[in-house]
Amino acid sequence: MIALIDCNSFYASCEQVFRPDLIGKPVVVLSNNDGCVIAANSEAKALTQIPMFEPVFKIKDQLVKNGVTFFSSNYTLYGEMSDRVMRILKEFSPLVEIYSIDESFIDLSGMEYQDLRAYGIEMKERIFKYTGLPVGVGIAPTKVLAKLANRRAKKQKEHEHVYVIDSEAKRIETLQWAKIKDVWGIGKKHAQRIQETGRNSAFDFTQLPLSWVRKQMTVVGERTWRELNGESCLALERLPKPKKAIGTAKSFGKKLEKLALIEEACSYYINEVSEVLRNQNCCANYLQVFLQTNYHSERDKQYNNSITVTLEVPTNNTFILNAEGKKALHKIFKPGYRYKKVGVCLSGIVPKEYVQTTLFTTTDEKAGLMEAFDFINQKFGKTTLAPALMDTRKIKEWELIKEERSPRYTTQWKELLTIV
DNA sequence: TCTGGGGTCCTAGGACCC
DNA sequence: TCTGGGGTCCTAGGACCC
C-alpha cells in the first residue's frame, strides 16, 4: 500500500501558522510580482470563487471588499515548513518520496493487515501538532489510486481528511465518484478527448479498451489506466533524480529597456543556476538565454528571442557561464523594446567526473575557486562574493515586486515571530 | 498600469549509419 | 517490370505535473 500525504492550501496554511488571528478567515497567496493568485484557503475559495492564476488586478477590488488577506509568496518560509513535514513523515515509513513542496508518497508495504485508517489519522494529527499545518491522507494500492483517495479524503467531509482504498468495492466506488479530469496524469486535452467518447467518470475511463488509450494517450496514459485498475506501474523513488535542466526566468518588477539592467538580472540568474548545478556535482554542456517582451500587452511592440550556446568544455563555473551569457544576451538584444523577462537555462547536464576536455584544455585548474566561492557564500550570506556584473551594492531596478511578503519567521533571526 | 515559475516524459519525423 | 532491412541520434512539439 502507498500513502499520499498532501498539505491543504499549503502556502496559505503556512502563512496562517504564524498569524493565528487569520484562522477561519480568507487568505490568498500571490505569485512573483504579485501577479496572480496561486493559493487560496478554503474560506477564500468559498467566499469568492477565485479562479487560480487569475490576474490580481482584475479581482483586487473583490478581494478587498470581502476582507481577504493577501500575501506575496515567501518561498523561504514555505520551503522550510515543507522540510518539517517531510521529516515527520520519515517517522512513519523508511521510504518517503518527496513529490513536491507540499506532498509525499510513502511506502506502507508490509502493513496491509494493520489499521491503515488509524495510521493515517495518526500522521495527520502528529503533523498538525508539530507544525500547525493541516494535511490530507490517501491510502491505496497504487500511486494514481492514492492520489484519488487523497482527493476523496479532502472533498468528502465525513472522511475527516483520511481515506483508504482497501477493497475492490471502495476502488470501484471511488472511480465512479471521481471525474475523469480529476485523475492524476489526465490533463485538459486528454479529458476532453475522453469525454468526446461519452465517458465522464474515472470508472468509465477504466472501461475503455486499452488499445484506444495507448493510441490516444501513449504509454503514459496506459500506465494511468493500469494504475486505476489496481496494477502498480509507478514505483516509489527513494532518491530524487538529478535534474536534466536547471533554469530560471522571472518577470521584472517593471519593464526594462536598457541592456545594462537586463545584463545585471541575467547575471543574477546565472549565478543562481550555476550554484544549483554545483550542488548536484554536475557540469552543463549548453547555456540558453532568452528574452521576452510582455505578450499580454497590445500596445507594446513584441519581440522574443533565445539563443543556445554550446560550451567548449562542460562547466559549472559561474564566471565562465556569466561571460558566455553576456555574449549571448548581446546577440539577441534589440534596442527599442520594453522587456518583461530574461531567462537562462542550463542543459546537457553531465556528472563532473565525466567531463570531456578538448585536446588543448586541461581539467579546470581553478576548480577549487568555485568551492571556496560557495563555502564563503554559505558561511557569510548568499552574495558575499559575486561577479561584478551583478553589482550587489545598489538597489536592483529590475527586482520582483513583493509588497505583502510575510517575515521569514523560521530562517532569519531578525524576523522571528514576536508576541506582544 | 497590472497577467508566475520550474520542471518531466513521450512521439514523430528527419538525417544519418551499415 | 521489379530497388531491403535494421538500426541510432537529434529536435520540435505536445501533454502533463506542482
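Below, read A as the first sequence line, B as the second, and so on, with proteins coming before strands; counting in each chain starts at 1. Since the structure is predicted, the reported quantities are computational estimates derived from the model, not experimental observations.
- Within the 3.5 Å criterion, the main-chain N or O of A:Val144 finds no donor-acceptor partner in the side chain of A:Trp184.
- Near DNA chain C, meaning a heavy atom under 4.0 Å away, the residues from residues 177-195 of chain A are A:Val183, A:Trp184, A:Gly185, A:Ile186, A:Gly187, A:Lys188, A:Lys189, A:His190, A:Arg193.
- Looking at A:Arg226 and A:Glu222, a side-chain N of the basic residue comes within less than 4.0 Å of a carboxylate O on the acidic one, giving a salt bridge.
- Across all strands shown, A:Lys254 has no heavy atoms under 4.0 Å from either base or sugar-phosphate atoms.
- For the segment residues 134-151 of chain A, no residue has any heavy atom less than 4.0 angstrom from an atom of DNA chain B.
- With a heavy-atom cut-off of 4.0 Å to chain A, the contacted part of DNA chain C has its first and last nucleotide at C:dA15 to C:dC18.
- Note that A:Lys143 lies in the cation-pi zone of A:Phe105, set by a 6.0 Å cut-off to the ring centre and a 45° limit from the axis.
- No engagement by A:Ser297 is indicated, since no non-hydrogen atom pair under 4.0 Å with the nucleic acid exists.
- Under the 30°/60° scheme for interplanar angles, the aromatic rings of A:Tyr339 and A:Phe333 are found to be tilted.
- If you look at A:Tyr11 and A:Phe71, their ring centroids are not closer than 6.0 Å.
- With sequence neighbours excluded, no residue forms a ring pair (Phe, Tyr, Trp, His ring centres under 6.0 Å) with A:Tyr286.
- At the heavy-atom level, A:Asp102 lies under 4.0 Å from the strands shown only through sugar-phosphate atoms.
- The residue A:Glu103 sits close only to the backbone: its heavy atoms come under 4.0 Å of sugar-phosphate atoms, none of a base.
- In the model, A:Tyr78 has a side-chain atom that pairs as donor or acceptor with a side-chain atom of A:Glu15 under 3.5 Å.
- In this structure, the ring of A:Trp398 has its center less than 6.0 angstrom from the ring center of A:Tyr268.
- In terms of modelled atom types and a separation under 3.5 Å, the side chain of A:Ser274 and the main chain of A:Asn317 share no donor-acceptor contact.
- A:Ile246 comes within 4.0 angstrom of sugar-phosphate atoms only, judged by non-hydrogen atoms across all strands, and of no base.
- With DNA chain B read from its 5' end, the first of the two nearest nucleotides for A:Asp34 and A:Val219 is the one closest to A:Asp34.
- Ranked by how close their nearest DNA chain B nucleotide is to the 5' end, A:Arg214 and A:Leu400 are led by A:Leu400.
- A:Thr142 and A:Ser232 share no donor-acceptor pair across their side chains, judged by distance under 3.5 Å alone.
- Between the A:Glu415 side chain and the A:Arg408 main chain, a donor and an acceptor come within less than 3.5 Å of each other.
- Geometrically, A:Arg199 does not engage A:Phe205 in a cation-pi contact, judged by NZ or CZ lying under 6.0 Å from the ring centre and within 45° of the ring axis.
- For the 3.5 Å distance criterion, the side chains of A:Asp34 and A:Ser72 qualify, holding a donor opposite an acceptor.
- Counting non-hydrogen atoms under 4.0 angstrom, A:Phe53 reaches a base of the nucleic acid.
- Judged by distance alone, the side chains of A:Glu80 and A:Thr410 do bring a donor and an acceptor atom under 3.5 Å apart.
- Heavy atoms of A:Lys60 sit nowhere under 4.0 angstrom from any nucleic acid atom.
- Proximity of residues 276-289 of chain A to DNA chain B (heavy atom under 4.0 angstrom from any strand atom) is not detected for any residue.
- Between the side chain of A:Thr131 and the backbone N or O of A:Val85, no donor-acceptor pair lies under 3.5 Å.
- Stem analysis of DNA chain C (Watson-Crick or G-U pairs, both distances under 3.5 Å, runs of at least three) returns B:5-18 with C:5-18.
- Nucleic acid contact class of A:Asn294 (heavy atoms, under 4.0 Å, all strands): sugar-phosphate only.
- Side-chain contact, A:Lys250 with A:Thr248: a donor N or O sits under 3.5 Å from an acceptor N or O.
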